[in-house]
There are 2 protein chains.
Amino acid sequence: MNIKEVADRAGLPAKTIRYYEEIGLIRPLRGANGYRAFRESDLHKLAFLARARGLGFTIEECRRLLALYEDRGRASADVKALAEAHLDDMERKIAELRAMQATLRDLVAGCAGDQRPDCPILAGLAEGTAAGRGGTKPCH
Amino acid sequence: MNIKEVADRAGLPAKTIRYYEEIGLIRPLRGANGYRAFRESDLHKLAFLARARGLGFTIEECRRLLALYEDRGRASADVKALAEAHLDDMERKIAELRAMQATLRDLVAGCAGDQRPDCPILAGLAEGTAAGRGGTKPCH
DNA sequence: GCTTGACCTTCCCGTGACAGGAAGGATTAG
DNA sequence: CTAATCCTTCCTGTCACGGGAAGGTCAAGC
């Protein structure tokens with residue numbers, strides 16, 4: 001299989017597949033012409049990666065998941081721990097987003113949204129009376 | 001004021017302040033020694049930026065907010081539109097995270113989490129029976 | 001045989017919003 | 001005078017790729 005076919009079948013851009021090879025997530029063979037020659041097993045791994053990425057796992061988490069997937073002697077506890085840590089990450093992100101949303105919604109609620117310049121949103125950002133609460137760090 | 005003092009007062013790292021200057025968000029003066037000389041107005045802008053970033057606005061959104069903030073002839077409708085667009089962005093992100101969470105939670109629920117290798121999480125990622133639903137794109 | 005178009009390859013730069021650190025100059029306290 | 005703390009610029013790295021250039025390969029059709 002050439003890269004376009006695996007890309008279509010795995011649902012990943014060819015660029016992404018080349019990148020995954022570069023960082024060692026997959027190791028496709030090479031044909032005499034220099035083209036990558038993907039086996040069924042490569043396709044499986046790529047589909048696996050596409051789904052794991054789709055669930056928000058980072059590349060490094062995907063790498064560990066893939067290693068566990070290929071390790072017949074794995075303990076499911078290890079997989080579960082990884083998944084639960086990721087669930088916690090998502091929970092934290094959601095909480096952070098909700099906190100930001102709540103603050104901003106309060107500001108928006110007080111804004112007339114007309115032609116006049118008076119704006120509690122800008123006032124809130126300028127004075128900090130309502131913005132940035134809840135231990136929300138600048139970002140990162 | 002030197003950079004350290006504004007950094008402490010605005011609650012931003014000095015690195016970030018230099019970066020904000022580099023991309024044109026602020027334009028502090030310069031002393032004879034080459035040091036940045038921050039005015040009160042620069043400090044205000046930086047505090048404004050810190051709060052806007054804390055609410056999740058991107059740098060470009062912050063740039064527009066700052067422009068509106070400084071425009072005495074602004075219409076509050078423009079500010080409100082920007083804020084509401086951002087609220088929508090956050091809503092979408094939350095929905096995406098929740099969808100991923102729900103899928104992963106289903107997989108985790110079926111996993112024994114013991115010493116045995118059998119794992120519905122890995123099976124789900126491999127077979128795609130439950131992962132990646134709801135139009136969730138690989139990421140981005 | 002030749003061309004056309006669709007593939008494939010590598011390589012390099014750009015993204016967003018900074019962080020880390022090196023190398024060197026300025027200022028201040030003791 | 002020295003030591004500590006500040007300040008400066010510049011370069012590299014992050015994360016997960018995307019865009020595009022320059023050039024090689026392959027299959028189909030004339």
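Within every chain, numbering begins at 1; the chains are lettered A, B, ... in the order of the sequence lines, protein sequences first and strands thereafter.
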Would you mind writing out the side-chain donor-acceptor pairs for residues 78-92 of chain A within the sub-3.5 Å range, not counting sequence neighbours?
residue: A:Lys80; atom: NZ; partner: B:Cys111; partner atom: O; Å: 2.8
residue: A:His86; atom: NE2; partner: A:Leu55; partner atom: O; Å: 2.8
residue: A:His86; atom: NE2; partner: A:Gly56; partner atom: O; Å: 3.4
residue: A:Asp89; atom: OD1; partner: A:Arg92; partner atom: NH2; Å: 2.8
residue: A:Glu91; atom: OE1; partner: B:Gln101; partner atom: NE2; Å: 2.7

ask   = Which pair of non-hydrogen atoms, one from B:Arg39 and one from B:Pro28, has the smallest distance, and what is that distance?
value =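 So the minimum-distance heavy-atom pair works out to NH2-CA, 4.0 Å.
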task = Search all heavy atoms of B:Leu65 against all heavy atoms of A:Leu122 and return the closest pair with its distance.
result =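 Between these two residues, the closest heavy atoms are O-CD2, 3.9 Å.
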Can you tell me if the side-chain N/O atoms of [X] get under 4.0 Å from OP1 or OP2 in [N]?
X	N	result
A:Arg18	D:dG19	no
B:Thr16	C:dA19	yes
B:Arg36	D:dC7	no
B:Tyr20	C:dC18	yes

What is the distance, rounded to the nearest whole Å, between atom [atom1] of [X] and atom [atom2] of [N]?
X	N	atom1	atom2	answer
B:Ile17	C:dA19	CD1	P	11 Å
A:Arg30	D:dG24	CZ	C1'	14 Å
A:Glu21	C:dC8	CD	C1'	13 Å
A:Arg63	D:dC17	CZ	C1'	15 Å
A:Leu46	D:dC17	CG	P	12 Å
B:Leu55	C:dA17	CG	C1'	17 Å
A:Lys4	C:dT9	NZ	P	13 Å
B:Arg53	C:dA19	CZ	C1'	14 Å

message = Once you apply a heavy-atom cut-off of 4.0 Å, does A:Ile23 come out as touching a base, just sugar-phosphate, or nothing?
response =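 No contact.
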query = So what does B:Lys15 hit on the nucleic acid, given a heavy-atom distance under 4.0 Å: a base, only sugar-phosphate, or nothing?
reply =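 Contact class for B:Lys15: base.
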request  = Any chance you could measure B:Gln115, atom CD, to A:Arg74, atom CZ, to the nearest 0.5 Å?
outcome  =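 Nearest 0.5 Å value for the CD-CZ distance: 13.0 Å.
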request  = Pick out which of B:Lys45, B:Arg27, B:Arg36 makes a salt bridge (Lys or Arg N to Asp or Glu O under 4.0 Å) with B:Glu21.
outcome  =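 Filter result, single survivor: B:Arg36.
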task = Go along nucleotides 23-30 of chain C 5' to 3' and tag each nucleotide: B for a protein heavy atom under 4.0 Å from its base, S when only backbone or sugar atoms are that close, - otherwise.
result = --BBS---
ask   = Does any donor atom in the side chain of A:Ser76 or B:Asp118 lie under 3.5 Å from an acceptor atom in the other side chain?
value =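 The answer is no; no qualifying pair exists.
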Closest listed nucleotide, where the reference is the side chain of A:Ile59 and the choices are C:dA17, C:dT10, D:dA16 =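 The listed nucleotide nearest to A:Ile59's side chain is D:dA16.
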ask   = Sequence neighbours excluded, which residues qualify as ring-ring contact (aromatic ring centres under 6.0 Å, His included) partners of B:Phe48?
value =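 ring-ring contact (aromatic ring centres under 6.0 Å, His included) list for B:Phe48, sorted by chain: B:Tyr69.
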